Amino acid sequence: MNDMVNAPPHYKKGKFEAIDVIQDVVQFYPPVEAWLVGQALKYIVRAPHKGSKAQDLAKAMFYLNRIAGMK
């Protein structure tokens with residue numbers, strides 16, 4: 001049985017678990033940007049494995065555009 005809270009299968013594809021990659025990447029950003037980057041990465045990582053790939057990639061772009069628009 002899948003543990004959809006602690007280890008969802010759509011975040012455990014490939015060589016590394018998504019949460020580990022996200023934690024490693026966001027450490028180099030200020031807090032608000034780190035959260036936005038983490039959200040974008042989450043949607044990018046799961047895009048081909050859960051629901052609508054186009055929708056997940058659009059959501060990732062939403063978060064990336066928020067960062068790009070920050071002053």
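Worth saying up front: this structure is predicted, and the values here are computed from it rather than measured.
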Fill in: Spatial distance of atom NZ (K42) from atom CD1 (I19) [nearest 0.5 Å]
10.5 Å

Worksheet item: Are E33 and V26 close enough that some pair of their side-chain heavy atoms sits under 4.5 Å apart?
Response: no

Item to complete: Could you tell me the separation between the CD1 atom of I67 and the CZ atom of F62, rounded to the nearest 0.5 Å?
Response: 11.0 Å

Item to complete: Taking the six-membered ring for Trp and the single ring otherwise, decide whether the centroids of Y63 and W35 are under 6.0 Å apart.
Response: yes

Worksheet item: Does any pair with a residue in residues 51-64 pass salt bridge (charged side-chain N to carboxylate O under 4.0 Å, His left out), and if so which ones, sequence neighbours excluded?
Response: R46-D56

Worksheet item: Quick one: side chain to side chain donor-acceptor pair (under 3.5 Å) partners of D24, sequence neighbours excluded?
Response: Q27

Worksheet item: Is there a donor-acceptor contact under 3.5 Å from the side chain of N65 to the main chain of M61?
Response: yes

Item to complete: Taking all non-hydrogen atoms of both residues into account, name the closest pair between A60 and A40 and its distance.
Response: CB-O, 3.6 Å

Worksheet item: Who are the side-chain contact (heavy atoms from CB on, under 4.5 Å) partners of L41, not counting sequence neighbours?
Response: I22, V25, V37

